[in-house]
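This one's a predicted model, so the numbers in the text were calculated from it and none came from an experiment. Just so we're on the same page: letters track the sequence lines, and every chain starts at 1.
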Amino acid sequence: MSFHSIKKEKSTVNRSIKTVLDLNIGQSGNIVEIKGGRGVNQRLSDLGLTIGTEITILNKSPFTGPVILRVRGSSLVLGRGIAGKIYIRY
Amino acid sequence: MKTNYKKIRVALAGNANVGKSIIFNYLTGLHQHIGNWPGKTVEKAVGSVYFKGFEIEIIDLPGIYSLSTYSIEEIISREFLLTEEPDIIINVVDGSILERNLLFTLQLMELELPMIMLINQIDIANEKGIRINFTKLESKLEIPVIPTIATRGIGFTKLLEKIVEIALKKDGVVHKKISYGQELEFQLERLQDAIKNSRILSSYPKRWVAFKILEEDELVLDLIQREKEKPSRKFNKDKENLNKETEIIPLSKSIIETLEEFHGHSCGELITSEKFGKINQICRDVQQIEAIQKISLRDLLDKVFLHPVLGYLLLIGIVLCLLYGVFFFGDLTSNYLLNCCENLRPDFNQIFGKGKLSEILWSSFEGFMGGITIALPYILPFYFILGVLEDSGYITRVAYLMDRFMHIIGLHGKAFIPCMLGIGCNVPGCLGCRIMERQRDRTLAIFVITLIPCTAQSIIIFALIGNYLGFHWVIILFVFILFLIMILGNLTSKILPGEPMGLIMEMVTLRKPNLKVVLLQTWFRLKEFLVIALPLIIVGSILLKILELTELLGILNKLLLPVTVGLLNLPEEIGTALIVGITRKELAVVLLGSLFGTSDLATVLNPIQMIVFALVTTFYFPCLATIAALKRELKWRKTLLILASELSLALVLGAIVSRILFVIW
């Protein structure tokens with residue numbers, strides 16, 4: 001999914017809710033929803049990304065590359081496509 | 001000899017990067033066997049250790065995060081644990097990431113097998129300010145907990161003693177049931193009762209089956225479906241049972257509906273959420289975390305490695321140093337080895353005389369030495385350095401940095417790792433593609449790797465283009481090849497069915513590389529080259545000699561004339577070099593001298609011909625050994641498809657380049 005279509009999807013959701021991509025380095029938030037589809041959602045929750053979990057952005061790579069976030073004491077690298085499907089309240 | 005030892009089968013299970021392989025290697029030493037799981041391209045490592053009259057057989061399961069069906073590794077691991085029921089599961093846990101690791105522990109506990117928990121890397125945990133109360137954890141989970149520092153061999157005797165102690169226990173182990181929220185427990189209970197009554201999947205733990213049904217696990221639902229069909233044909237009298245069996249699916253459907261309506265998320269996610277809730281409680285009780293104020297060396301290094309500018313500069317620097325170093329030292333040692341080999345020729349002739357048979361024998365020796373002169377000077381140091389980068393955790397930083405660029409060819413950042421391997425030798429590169437989660441990505445990555453110039457192909461480019469046209473042409477050629485690979489990868493990713501997969505990867509903690517692990521890893525990769533490639537190189541050399549002696553080579557060369565001379569504008573002798581190159585790429589250029597009867601190739605090949613020849617030998621065929629690796633990983637159909645497309649690519653490319661360069665030169 002391209003970056004644009006993610007943004008469009010987001011605007012139809014609640015305004016106070018943003019995706020992981022909207023957080024800056026060092027910011028934290030709690031997960032409210034993951035729209036990755038069955039397989040990806042299961043994988044992400046196995047790695048500790050469940051609803052309500054607090055995450056902190058550790059790093060964002062330039063050129064629309066992946067993000068690194070801290071979750072349950074571990075560091076995870078997520079590609080942009082996937083990170084854009086994780087919705088956060090902060 | 002050791003038949004009177006009593007055998008205990010133990011499975012090592014745990015998340016990736018928890019130090020499982022170090023533990024396995026430490027315990028089993030050289031008593032290990034690396035193979036594949038039957039019918040799967042996933043590595044299976046089995047080894048044994050003898051302790052107090054017991055032979056403890058250790059099966060190292062793949063590093064996974066869950067017992068679901070996300071990857072082949074997960075499916076293999078759970079099938080093994082469920083059907084082969086090892087005597088003990090050793091769950092290796094990373095002490096510095098206890099919370100995340102415990103999810104897998106809870107899943108393993110549902111299998112109701114005896115377990116031991118190893119909490120590894122407690123040194124790193126301490127550095128991060130994490131203190132774990134092991135006895136408290138032990139009493140919470142009712143599993144023996146042993147702290148270890150695998151890199152220093154601490155905790156292993158205790159582990160072995162515990163294994164023997166559990167094996168000697170006559171009465172079965174009590175399995176602690178971890179209970180979750182009321183609503184979930186109530187529904188699980190209902191489902192479990194139905195499972196018990198229907199006697200479905202009776203060999204599996206009931207609670208585990210109930211969990212899996214609620215998670216809508218495809219494999220378990222499939223098993224139930226199949227078991228349901230079986231008795232309906234065989235035992236008609238058992239009608240009552242049959243009815244109960246058919247009840248399970250509708251019952252589970254209504255339960256799932258209720259739960260999902262209540263919580264608003266899929267049942268699978270709900271279950272994982274509940275488990276993490278429980279884990280959170282446990283961790284709060286057993287773990288103390290002090291915030292560490294001072295910035296550690298680790299954090300500092302990570303700042304540099306992941307920096308948007310410095311990180312890339314460092315990466316480019318490391319890759320260039322690696323390649324330059326390997327080729328510079330490789331050239332020196334390789335020439336030395338080749339000279340030694342040539343010096344043996346007179347002695348060899350004295351012993352075996354000068355006949356056709358002795359020629360064939362010599363050629364097989366030459367093939368062997370040819371393989372060795374690639375393996376020792378080039379591949380060995382390359383993989384050693386790569387192993388250091390890998391074990392230190394740097395390589396996951398590379399995958400992070402390269403993710404964006406790998407998406408150009410429809411792959412995510414992890415694919416960069418096998419691509420690096422491919423620069424050494426395409427064979428381990430192809431096998432290394434197993435780290436990709438899905439078959440589509442594996443196929444695509446393997447295809448891309450066969451296009452990457454390996455050591456031998458790079459030697460051609462350096463020897464021909466570098467020596468006669470200058471180093472700047474080498475750079476131009478490599479950049480051109482890189483662009484071509486990107487375009488082809490991009491096109492192929494669009495043709496292949498399935499969406500490109502995003503990157504989900506754990507960023508492992510940086511650590512000092514462990515020499516033993518690096519050496520073993522290097523040896524296993526080198527072994528892949530020696531076992532798959534070397535025999536084929538030898539057979540290829542013998543076949544070539546026979547072709548040469550029977551003058552078939554000349555005939556083949558004649559048949560190729562329309563292509564070599566007509567299409568590619570190369571001299572007619574080149575056909576032979578191209579045929580020879582299939583066994584070993586670098587032979588193609590070594591042979592040119594003797595084919596033309598001169599050591600100064602500039603007198604027989606013009607610059608355009610050199611460039612065309614270098615390009616064609618890079619792409620026209622992967623070498624025999626790579627073809628064997630392709631067949632292993634992709635089966636024949638895809639292998640042939642790759643071969644056909646690469647051959648046509650090389651010919652079209654050669655024809656176009658020779659004509660364009662002819663006009664502009």
Between A:G52, A:P66, A:G73, A:S61, which residue shows the highest count of heavy-atom pairs closer than 4.5 Å to chain B? A:P66
Rounded to the nearest 0.5 Å, what separation is found between the CG atom of B:N15 and the CG atom of A:L47? 8.0 Å
With a 4.5 Å cut-off on heavy-atom pairs, point out which of A:G39, A:G79, A:A83, A:G65 contacts chain B the most. A:G79
Greatest number of heavy atom pairs closer than 4.5 Å to chain A - which of B:T396, B:L306, B:T509: B:L306
What is the minimum heavy-atom distance between B:H265 and A:V32, and which atoms define it? CE1-O, 4.2 Å
Chain A contact via B:S266 - side chain, backbone, both or neither, heavy atoms under 4.5 Å: neither
Of B:P308, B:A399, B:C283, the largest count of non-hydrogen pairs under 4.5 angstrom with chain A goes to B:P308
If I take atom CD1 from residue A:I68 and atom CG from residue B:D302, how far apart are they, to the nearest 0.5 angstrom? 7.0 Å
Looking at residues at least two apart in the chain, or sitting in another chain, which of them share a side chain to side chain contact (heavy atoms under 4.5 Å, CB included) with B:S71? B:E73, B:E74
Can you tell if the side chain of B:E269 reaches within under 4.5 Å of the side chain of A:L44, non-hydrogen atoms only? no
Indicate the atoms forming the closest heavy-atom contact of A:D46 with B:F276, along with that distance. O-CZ, 4.2 Å
Taking a cut-off of under 4.5 angstrom between non-hydrogen atoms, the residues of residues 400-413 of chain B near chain A are B:Y400, B:D403, B:R404, B:F405
Using 0.5 Å steps for rounding, measure from the OG atom of B:S66 to the CD atom of A:Q42. 6.0 Å
To the nearest 0.5 Å, atom CD of B:E506 lies from atom CG of A:L76 at 6.5 Å
A:I82 and B:I504, any side-chain heavy atoms less than 4.5 Å apart: yes
B:F416: ring pair (Phe, Tyr, Trp, His ring centres under 6.0 Å) partners, not counting sequence neighbours: none
Where along residues 93-107 of chain B does a heavy atom come under 4.5 Å of chain A, listed by residue number? B:S96, B:I97, B:E99, B:R100, B:L103, B:Q107
A:I51 portion near chain B, given a 4.5 angstrom heavy-atom threshold: both
